[in-house]
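Worksheet: the structure to be examined is printed underneath.
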Amino acid sequence: MTPADLSAAIVRIIAALQADGALGAAELPAEVVIERPKNREHGDWATNVAMQLAGKFGLNPRAFAELLAGELSKVDGIEKVDIAGPGFINITLSAAAAGELAKAIVESGSAFGRGTDLAGVKLNLEFVSANPTGPIHMGGTRWAAVGDSLARVFEAQGADVTREYYFNDHGAQIDRFARSLLARARGEAAPEDGYGGAYIQEIADRVLAETATDILSLPEDEAQEAFRAAGVDLMFGEIRESLHDFGVDFDVYFHENSLYESGAVQKAISRLRELGHIFEEDGAIWLRSTTFGDDRDRVVIKSDGEAAYIAGDLAYYLDKRERGFDRCIYMLGADHHGYVPRMMALCAAFGDEPGKNLEILIGQMVNLMRDGEPVRMSKRAGTVVTMEDLVEVVGVDAARYALARSSINSQLDIDLEQLQKKTNDNPVFYVQYAHARTAQVAKNAASLGVARTDFDPSLLSHATESELLAKLSELPRVVAQAAEFREPHRVARYVEEVAGSYHRWYDACRVTPISGGDVEAVHRTRLWLNDAAGVVLRNGLELLGVSAPERM
RNA sequence: GCGUUUGUAGCUCAACGGAUAGAGCAUCUGACUACGGAUCAGAAGGUUGGGGGUUCGAGUCCCUCCAAGCGCACCA
């Protein structure tokens with residue numbers, strides 16, 4: 001008996017009551033919200049359906065709840081139904097009905113928790129997309145962790161997900177990058193508007209060492225171009241490698257430059273011109289984005305004939321749509337949130353539906369803290385902390401978990417020194433330890449002859465067992481919500497709760513008999529529960545891209 | 001000034017409009033000669049930034065004020 005089963009049962013009961021004429025005609029909900037009461041004394045599950053629907057039927061919530069409760073208590077597997085407060089219906093399951101779940105989870109294995117909400121949806125998720133003018137810093141690292149986890153969550157709901165990285169290898173920032181490399185290679189100071197980090201020196205040296213011709217003797221513009229091409233390639237390689245080491249592999253690395261080389265930009269502008277959204281003024285070519293809610297029109301081609309940044313976005317979006325993506329999701333940092341209205345306008349200008357075909361997730365910044373004070377990070381000044389730095393200090397699992405466990409709507413403070421000193425304050429270990437424990441318990445059980453031969457769910461009657469079972473049953477809903485709200489951190493929070501429930505159960509209920517004792521049905525049945533917890537922890541950690549070790 | 005995100009325990013953060021606002025870390029007190037103590041039990045810690053409103057019910061939705069971050073280019 002899962003929450004989904006209960007929800008379905010309640011919908012059936014309401015329909016039956018309607019058929020009998022006990023209730024008036026009113027639209028039925030597709031599903032009823034079933035939740036865990038915070039207070040255990042309120043039973044295993046609770047629903048507020050009576051308070052929400054009573055009005056529709058012209059009844060007061062208590063009366064409606066009484067009617068429902070009477071029928072509900074006849075359902076197989078339900079031990080007790082109580083009505084509390086203004087009309088909460090509290091449901092207590094029989095131990096056997098609740099315990100069945102343990103076996104079902106073990107038998108589902110890695111499939112437990114998956115759903116079909118996004119089945120058949122071809123979805124493009126773009127994240128990180130950091131400029132190739134330096135290594136990936138903390139902000140990009142956060143999106144890597146969250147974005148990849150979100151992709152996994154989408155996939156768990158049946159979506160066909162393409163992870164995409166937009167590689168900005170075109171434009172003025174890249175020119176500054178190239179000039180900085182050239183200057184460093186010559187032993188000069190970085191240009192005023194250039195980049196000054198130590199990595200610039202490294203890359204400049206590598207370009208010099210790996211290029212056959214003597215770049216420095218070339219004319220200025222040729223030398224700069226040589227550094228641009230080689231420098232971007234090197235950065236691109238490093239970024240890919242860092243991401244790979246972080247467990248994030250993109251399906252598509254899309255090079256902005258290719259949009260210009262292929263004529264895609266001109267094509268996109270032509271398309272918009274045909275649709276009547278392009279005009280010329282002051283020698284520039286504009287997109288009339290105000291038609292679609294933007295607060296000003298946007299220059300697409302500047303009066304000097306150069307493309308503005310948005311030109312690439314137009315072409316890029318069109319390209320994604322033509323590659324067949326129904327949904328294009330962009331994850332951007334808070335420093336780009338002002339960009340949302342023009343992106344939505346762009347989407348609408350192509351005749352698409354903003355918010356559906358194009359969706360933008362804005363994530364807040366990561367602050368680097370030192371001694372409780374924020375440290376200013378500046379790529380140009382070279383005071384960045386990179387993805388590699390973070391991984392070196394805390395490891396991939398802890399880093400990904402720490403970044404993925406909080407909502408992207410709030411700023412995140414990361415104190416490297418603190419993480420360095422006591423990695424224990426990262427809850428990932430609590431969760432991983434719980435998983436390792438399930439594995440060790442299973443191992444001990446095997447060696448003592450405890451096996452999953454028989455299963456009597458009515459033996460799972462301890463308070464910690466009903467708590468654990470109820471918690472385990474929530475995984476499918478948590479994953480579905482994480483996908484719906486685009487909030488993978490829900491999975492992390494959930495998995496912490498599962499770990500807590502498991503540890504408490506472990507403390508109270510033994511899977512193996514104490515030394516010399518006989519193996520009984522209760523031990524074999526508990527092994528099912530132990531293994532079910534292992535499955536849920538493993539599946540949850542998998543969605544976060546964090547390993548589930550068998551020993552630590 | 002306009003827009004946007006945020007404000008919850010000492011710190012970092014949770015909480016589909018639900019019941020007594022929860023975890024971890026830090027602090028204090030306890031627990032196995034029993035499957036790994038990276039654990040468990042307990043204590044302490046809160047006017048959910050302030051003030052209004054909506055309703056059976058608000059940390060959550062609306063208005064307003066305060067504070068902070070981030071934006072507001074023919075930059076990318």
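Every chain is numbered from 1 and lettered A, B, ... according to where its sequence line falls, protein lines coming before strand lines. Computation of the quantities below employed the complete heavy-atom set of this structure, encompassing side-chain atoms and omitting hydrogens, waters and symmetry-equivalent molecules.
For RNA chain B, each stem of at least three Watson-Crick or G-U pairs (distances under 3.5 Å) is given as range with range: B:1-7 with B:66-72, B:10-13 with B:22-25, B:27-31 with B:39-43, B:49-53 with B:61-65.
Side-chain atoms of His503(A) lie closest to U39(B) of the nucleotides A76(B), U39(B), A14(B). Set against C75(B), C70(B), A14(B), the side chain of Ser407(A) has A14(B) as its closest nucleotide. Nearest nucleotide to the Thr512(A) side chain, out of G36(B), C35(B), U6(B): C35(B).
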Hey, can you pull the donor-acceptor pairs under 3.5 Å for the side chains in residues 57-67 of chain A, sequence neighbours left out?
residue  : atom : partner  : partner atom : Å
Asn60(A) : OD1  : Arg62(A) : N            : 3.0
Asn60(A) : OD1  : Ala63(A) : N            : 2.9
Arg62(A) : NH1  : Gly85(A) : O            : 2.8

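Between the side chain of Asn90(A) and the base of A19(B), at least one donor-acceptor pair of N or O atoms lies under 3.5 Å.
When each of Pro37(A) and Lys302(A) is assigned the nucleotide of RNA chain B bearing its nearest heavy atom, the one mapping closer to the 5' terminus is Pro37(A). Taking for each of Arg551(A) and Gly283(A) the nucleotide of RNA chain B with the nearest heavy atom, the 5'-most of the two is the partner of Arg551(A).
Rounded to whole Å, atom P of G24(B) lies 9 Å from atom CD of Glu496(A).
Nucleic acid contact class of Asp297(A) (heavy atoms, under 4.0 Å, all strands): none. Among the protein residues, Asp335(A) comes within range of the sugar-phosphate backbone only, with heavy atoms under 4.0 Å from sugar or phosphate atoms but none that close to a base. Among the heavy atoms of the strands lying under 4.0 Å from Arg510(A) is at least one base atom, whether or not backbone atoms are also near. The residue Ile301(A) sits apart from the nucleic acid: no heavy atom pair falls under 4.0 Å. Within the 4.0 angstrom heavy-atom criterion, base atoms lie near Met51(A). Using a 4.0 Å heavy-atom cutoff across all strands shown, Ala84(A) reaches at least one base atom of the nucleic acid. Contacts of Arg490(A) with the nucleic acid, taken as non-hydrogen atoms under 4.0 Å apart, involve only primed sugar atoms and P, OP1 or OP2. In this structure, Asp295(A) reaches neither bases nor backbone, as no heavy-atom distance under 4.0 Å exists between it and the strands shown.
With sequence neighbours left out, the ring pair (Phe, Tyr, Trp, His ring centres under 6.0 Å) criterion links His277(A) to Phe292(A). In this structure, the ring pair (Phe, Tyr, Trp, His ring centres under 6.0 Å) partners of Phe455(A), at least two apart in sequence or on a different chain, are Trp528(A). Taking the ring pair (Phe, Tyr, Trp, His ring centres under 6.0 Å) definition, one finds that Tyr430(A) meets it with His503(A), sequence neighbours left out. Evaluation of the salt bridge (Lys or Arg N to Asp or Glu O under 4.0 Å) rule for Glu306(A) yields no partner, not counting sequence neighbours.
A distance cut-off of 5.5 Å between ring centres, combined with a plane angle under 30°, leaves Tyr506(A) outside any stacking arrangement with the base of U39(B). Stacking between His489(A) and the base of A14(B) is absent under the criterion of ring centres within 5.5 Å and planes under 30 degrees. The aromatic ring of Tyr339(A) is not stacked on the base of G71(B), since the criterion of ring centres less than 5.5 Å apart with planes inclined by under 30° is not met.
Between Glu359(A) and Arg486(A) a salt bridge is recorded (basic side-chain N to carboxylate O distance below 4.0 Å).
An OP1 or OP2 oxygen of A38(B) is reached within less than 4.0 angstrom by no side-chain nitrogen or oxygen of Tyr502(A).
In this model, no donor atom of one side chain and acceptor atom of the other lie less than 3.5 Å apart for Arg288(A) and Thr290(A).
The P atoms of U47(B) and C66(B) are separated by 23 Å, rounded to the nearest whole Å.
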